[in-house]
Structure formats: structure tokens, C-alpha cells
2 protein chains.
Amino acid sequence: MSVTTKDVARVAGVSVATVSRYLNGHNVLDENREKIEQAIKQLGFRVNPIAQTLRTNRSMTVAVLVPTLANIFSMSIIESIERCLDQYGYSIMVCGSRGELAREEEKLRFVRDKRVDGVIVIPVGSSGSHIAEIVGDDIPVVLIDRVVDDVRFDAVVVDNTNAAYHAVEQLIIKGHRRIAMIAGPQHIYTARERLKGYRRVMSDYGLAIDEDLVLVGDYTSDTAYGLVKELMQRDPRPTAVFVSNYEMTIGAIGCLNELGIRIPEELSVIGFDHLDLSSVVKPPLAVVAQPRDEIGRKAAELLYARMSGDTTSFPSLIRLKTRFIQGSSIAEHKSG
Amino acid sequence: MSVTTKDVARVAGVSVATVSRYLNGHNVLDENREKIEQAIKQLGFRVNPIAQTLRTNRSMTVAVLVPTLANIFSMSIIESIERCLDQYGYSIMVCGSRGELAREEEKLRFVRDKRVDGVIVIPVGSSGSHIAEIVGDDIPVVLIDRVVDDVRFDAVVVDNTNAAYHAVEQLIIKGHRRIAMIAGPQHIYTARERLKGYRRVMSDYGLAIDEDLVLVGDYTSDTAYGLVKELMQRDPRPTAVFVSNYEMTIGAIGCLNELGIRIPEELSVIGFDHLDLSSVVKPPLAVVAQPRDEIGRKAAELLYARMSGDTTSFPSLIRLKTRFIQGSSIAEHKSG
DNA sequence: ACTCTTCGTGAATTCGTTTTCAGCATACAT
DNA sequence: ATGTATGCTGAAAACGAATTCACGAAGAGT
């Protein structure tokens, strides 16, 4: 059926061992090299990566495991990982955990059995013991976006706390006092960190936090829509709001548009993630932008280093900076 | 190192053949079944999928090959494919062709060598002969979003021509005559189809097409930004514009906002794709929405059927309907 | 001229499964 | 009692590569 090293060996008049050595870049007599190259070309030989993997336990594949594929954050990251690892000859296998621990475990077992050489994962929970247990020490792991608190892994994250801190600080500087926050689900690392940033800056500026203005969503657009609706019924209303992820920003803006609330005259708004947004919304939205490409690239580079046996400064926590995009959605607030 | 069928066989006191038969659901003496199950549990045995693939040439994996990973269209589709095939025990391997034919070929060869059981691809060009040549008849292929004109493949697409037709028709019905279109690159199937729809409806309504109002972009946001800027310098200006993909819609809206052009008072706008957009933009944008989940699901189901040996009505072309979201970005035009 | 390395080689084994094939029961029909 | 289905079994041969090992032919050193 398909052409194997055995065929190549036969045609070239050498043994399969020599063919194999040639393929793996070992030394081969020039004479044999030529005959082998000729035979390979003539037969259209391509090495069978499956057989290779069975024998060597290396697959030149890394797994990327994320809670959900269909959001811009995951996708940009997957794209940049693919681009980066492609250069080194690695391909990627993507899996969705759908935010379920059981599925995360199941997928990890699956890719381990598939002999992937490395794993990049956005963990669903704050524990990583199951990850360590499943992939063991054989397979390098790099966490993205979130860290776990019980196992030491390499990780690439952004400085969520500072990002939130600086964003809210902008509002404070402009005179806002009643600043609301649409927070994310507190079982998710980034959501906790961002809320922490909010609390910290409020505290640092000596502002009391009205807990009625801190609404906890679930990182989805629909829920945020409802929360903002609820928020705008507070009396007195907040004069500004910080929304802490992309999907929720979408929902929030949609709601405000529908309520006919003018930005920033009636409400100053800072969104999160996704640059496009800031230009599409009128007025241009101030947002916290994550360096998505860089996250993916750094994670891929780090994983590649680990897969190549480089264990320098393990575990290394790479914390990237976010960027604040000014926009025009923040108004000066004449304090009262 | 790892525990194999041989170990299971030894512990259970049967032969590896019997273990294999048990694993593949063949008949086995109840007595042996019990002993094997016990041994498997005791040893924590997991079948090695690589060895399985080597032997059977089946990997329970399908490849998804798209021009770019990092856009919402690709990702939604990949997500729904993953969800669907996950049920059947298949996992997916995603690859990006970056719109380059050479890379598409290279990736196809790669996944074929990896013994994927099926391929779902958004082809970069309008020819599919290289696809047929590389994957041959062994591996089922389902095209998505675009069709090729030289080979018959199963395909799942949307009715781009009608989508554009109906969208522009809305504008015509509201009295618009100077209707601009931001078209996509004409080497891409969907872009051609959408432009065709525009031309057809204009012709059907007996409207002359001002070629100065048909600007061809490259499906990217930045280019569309420039094109819209150019467009608005036309004299007389168009009274409406139809933008024919998501990224270009982003760029167009961004530009219009920046120019301070009021929608729909000064310009009626219809965008493309991505529901979120219609709510975030003020006023809510009229858009043509593609049934992204359905595209992915149908493609996955079809591929699954093919992989299972069902060749009913091959090749089948599934053409899905788009949905027109009304929005408030279209004004009545008092014709002059 | 002699041993001692070094280098490239081929035969054979291995990776962990599935599958073929003959063998051996047992059950059934005659 | 004999013959033939039927059902399950284990030994062995795949699948296609990498690797171990012993070996022969050079080259180096004395």
C-alpha cells in the first residue's frame, strides 16, 4: 500500500537501518546518501509519523486546552501559538474543556495517551493537582491566563490586578466616586484578580465601596446585560462603570444603548479586551487591552524550551502588561 | 514503563488476542471478561491509541484547515465542529493555511500522514484538485464556506448571493438608489457571490450601478477603513452602503464614527456577520448573520456520515440560509 | 606488521496494538 | 456413533519506524 523505509532500502540497496539513520540526520556514506535520496524521490517516500511516535513516544504535537474555543481571547492565543510552534515543526491539537473540570481531566488523559509532547492549558479551576497527576513529569505544561495555587507550573498571565487598578484609577482621577464594577465569576482567577484591583484602588484613594455597585457576572454577554440594567436602577446611579471582560463589555454596551443612556455624559465606561471594540462603539470606548499575541507567543516559546530540555528557572511566571486604550468614554465628573 | 495489553493478558491469565477482542467489543467468555476487567482496573490499563492507529490506520481524529484561526467565523465553526464530533469520540486537529495555497497543501499532506479519518477545510482558492490529489479517496473531505469548481466535494456553504441580494434589496425598498458596496477579494468564493448578489438585485430593480461605488477590499478591517473614507469623498455621496464581511464592517463603522457621519441619517449601513455587533453599535446595526453553529454542525455530521461509510447522495451541497437582522441603521430615503 | 580505535553497516528486536489462522471444545443434526 | 456447525481461544504475523549489537573495513599509533 504505502511506501516504507523497507522499500526505500530495497531500491537504494542498503538496509532499513541505514535509511533510518539517514532520515534522522546521522552519518551515512556519501554514496549511500545519494542512493537513498534518489530512492526516496523515485518512490515518493514519506515517513510515517505514527510509527515514529509509537517507537519514540514523541509526536511533534502539542495540545492546547481552553475552556471555550469560540471567543476572541482563546482564538487569538491559539493562532499565535500555532504560528509560533509551526516554525519548529510542531502542530497543535485543540480541545475545549467547556469550563468543566471533568472534561478537562478527560481531555488531558486523552492527549497524554496521544503522546503529545507538551500541553498549554487555561485551567478551569484554581487547583492543578489533577493536571500534575495526569500528565506527570513527562510532559511539560504551560498555564495561560490563569494560575493554580497548589502546583508549580510555568505560566504566562497578564497583570490583571494592576490592569483593573489603573483602569479604575482613571475614573477616580476624573472625579468619579460612585464607580461600579461588573465583575466576573469569582471561581475564575482573572476575575478575582480584577476585582481585587478594583477594591485596592478604591481603598488606596480612601473611597468607600458601595457593595451595591459591585455586580458579579459570569463572563457572558447576556448576564452582563441584565446586571447593567439592574445597576442603572440604583439610586443614586453610579457615574462610571468598569466592565471586566470582553463578552460582558458587549452586553453592557448593548444594554446602555438600549436604555438610551449616553456615554460618557450620563455614564463613563471602561471595557475590557478586544481592540476592535474601542473603534466601533460610539464614542470610542476606553478599554483594557491584553497583549493576546504576546501571551500565545511567550507560552509557545516557553513550552518549546521545556520540550527541548531547557529547564532554566522553572517554574517561571511570565506576567505581561496590559495596555490602557484611552477612548472617549470617560467624562470628567464634577464631584458633589 | 506503561502497562500494555500484554500485562493485562498476563494478569488475567488469557492471551493478548482475547484482551484485544474484549477491548473491541467482540464476544468473550463471561469468565474471561471478568478477569480482564479486573486486570484492567487493577493495572490502570489504557489502550495506546498510537499503536492502534499504526495497526488500523484510523486515528479517531479529524483535521480542520482554515485560512485564519483568529476570526470569529473560523472559531465559531471550529467550536461547533469540536462539540459535534466530540460526541462520537473524535478529536480535532486545527491548522491554519494563512490563505496560502502552498501551506494548504503542506498541511493536507501533514494531516494525511497523521492518518486523520476526515478533513474539513475552508479552501483558499477556487481549485480543489490538489486536495483530491493529496488526500485521495481514502479520506472523506467536507468543504466549508467556499466551494471549488474543478472537483466534486461535499460542501456546506451559505447562500451568499441571496444574502447580499436581500440585504441590498432592503435598501432599495427604502428608496435608496446610490448604494455602495464594500466587496471582498474576488479570488475568494464568498466575496464573488456576495458581489454577484449586489449586481443582480440592482439589475433586477433596473438600477444602474455606479462602479465608483463598488470598492473591492481584502476582507480586513484596515483596508475597509480606507475604502470607506474614499467612498465618502464621492460626489454625490452614496446614501447607503453594504459591507460584505465582519472585519470590513468593523473598519467601516470605525471610519464612519471617526468622520462623524451619522447612521442612518447621513448613511444607511448594512454589515455582515457577527450578531454581537448589531447590539453594540449605535444605532443597532442591520447585519446579515450567518448560521455559524449550524455550518459547523452540518459539516461535522456530514463528515461523520462519510467516515462511517455512508455515501448517500455524494457529493451533497448543503446551502444554509442567512438571517437578516433588521437593526436601526437603515433610513428611508426620500428619493430625488 | 601489529593492535587499537573509529566509523558505517545490516540483522534482528522493539514499540503496543489488531488480525489471521488453526485448534479445540461444545452443541447440533443425522 | 459420526459428521458438521458454532464459539471462543492463543500463537504468530502484521503495521512502519528506531535502536541495539556485533561486525567488517578503514585509519591511526606504536
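Chain naming here is simple, since letters A, B, ... match the order of the sequence lines and numbering starts at 1 in each. Quick note: numbers below take in every heavy atom, side chains included, and nothing from hydrogens, waters or symmetry partners.
In this structure, the side-chain hydrogen bond (donor to acceptor under 3.5 Å, both in side chains) partners of A/Arg306, at least two apart in sequence or on a different chain, are A/Asp154. With sequence neighbours excluded, the residues that form a side chain to side chain contact (heavy atoms under 4.5 Å, CB included) with B/Phe110 are A/Ser91, B/Met93, B/Lys114. When the side-chain hydrogen bond (donor to acceptor under 3.5 Å, both in side chains) test is applied to A/Thr53, no partner is found at least two apart in sequence or on another chain. Applying the side-chain hydrogen bond (donor to acceptor under 3.5 Å, both in side chains) criterion to A/Arg115, with sequence neighbours excluded, gives A/Asn57. B/Ala305 pairs by the side chain to side chain contact (heavy atoms under 4.5 Å, CB included) definition with B/Asp310, not counting sequence neighbours.
Both B/Leu54 and B/Gly13 lie near DNA chain D, and the one whose nearest nucleotide falls closer to the 5' end is B/Gly13.
Listed pair A/Gln52 / D/dA18 meets the phosphate criterion, a side-chain N or O lying under 4.0 Å from OP1 or OP2. At the phosphate of D/dG16, OP1 or OP2 sits under 4.0 Å from a side-chain N or O atom of A/Ser2. Of the side-chain N and O atoms in B/Thr56, none sit less than 4.0 angstrom from OP1 or OP2 of C/dT19. For the pair A/Ser15 and C/dA11, the criterion of a side-chain N or O lying under 4.0 Å from OP1 or OP2 is not met. Between B/Thr5 and the phosphate of C/dG16, there is no side-chain N or O to OP1/OP2 separation shorter than 4.0 Å. A close approach under 4.0 Å does not occur between any side-chain nitrogen or oxygen of B/Asn48 and OP1 or OP2 of C/dT17. Considering only side-chain N and O atoms, A/Asn24 lies under 4.0 angstrom from the phosphate OP1 or OP2 of D/dA18.
Atom pair A/Glu31:CD and D/dA26:P shows a separation of 12 Å (rounding to whole Å applied). Distance, A/Leu23 CG to D/dG16 P: 15 Å, rounded to whole Å. We find that CG of A/Asp7 is positioned 9 Å from P of D/dG16, with the value rounded to whole Å. Rounded to an integer number of Å, the gap from B/Asp30 CG to D/dG7 C1' is 13 Å. When rounded to the nearest whole Å, the span between NZ of A/Lys6 and C1' of D/dA17 equals 10 Å. Between the CD1 atom of B/Ile50 and the P atom of C/dC15 there is a distance of 16 Å, given to the nearest Å. In this structure, CZ of B/Arg10 is placed 14 Å from C1' of C/dG16, rounded to the nearest angstrom. In this entry the distance linking OH of A/Tyr22 with P of D/dA18 reads 13 Å, nearest Å.
The 12-atom threshold is not exceeded at NZ of A/Lys298, counting heavy atoms of other residues, nucleotides or ligands nearer than 6.0 Å.
Contacts of A/Ser20 with the nucleic acid, taken as non-hydrogen atoms under 4.0 Å apart, include base atoms. At the heavy-atom level, A/Leu29 lies under 4.0 Å from the strands shown only through sugar-phosphate atoms. Here A/Arg46 lies in heavy-atom contact (under 4.0 Å) with sugar-phosphate atoms only. Nucleic acid contact for A/Phe45: sugar-phosphate only, since backbone atoms but no base atoms lie under 4.0 Å from a heavy atom of the residue. Within the nucleic acid shown, A/Val19 has no heavy atom closer than 4.0 Å to any nucleic acid atom.
The side chain of B/Val47 approaches C/dT17 more closely than any other nucleotide in the set D/dA18, C/dT17, D/dG10. The side chain of B/Ala51 has C/dT17 as its nearest neighbour among C/dT17, C/dA12, C/dG10. Closest to the B/Thr4 side chain, of the nucleotides D/dG16, C/dG10, C/dT17, is C/dT17.
Remark: B/Arg103 engages A/Asp86 in a salt bridge, criterion side-chain N to carboxylate O under 4.0 Å. Using a 4.0 Å cut-off between charged nitrogen and carboxylate oxygen, B/Glu301 and B/Arg297 do not count as a salt-bridge pair. A salt bridge is absent between B/Asp117 and B/Arg58; no separation between the charged side-chain nitrogens and carboxylate oxygens falls under 4.0 Å.
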Protein-nucleotides 20-25 of chain D N/O pairs closer than 3.5 Å?
none

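Scanning atom types as modelled, no donor and acceptor separated by under 3.5 angstrom connect the side chain of A/Arg55 and the base of D/dA17.
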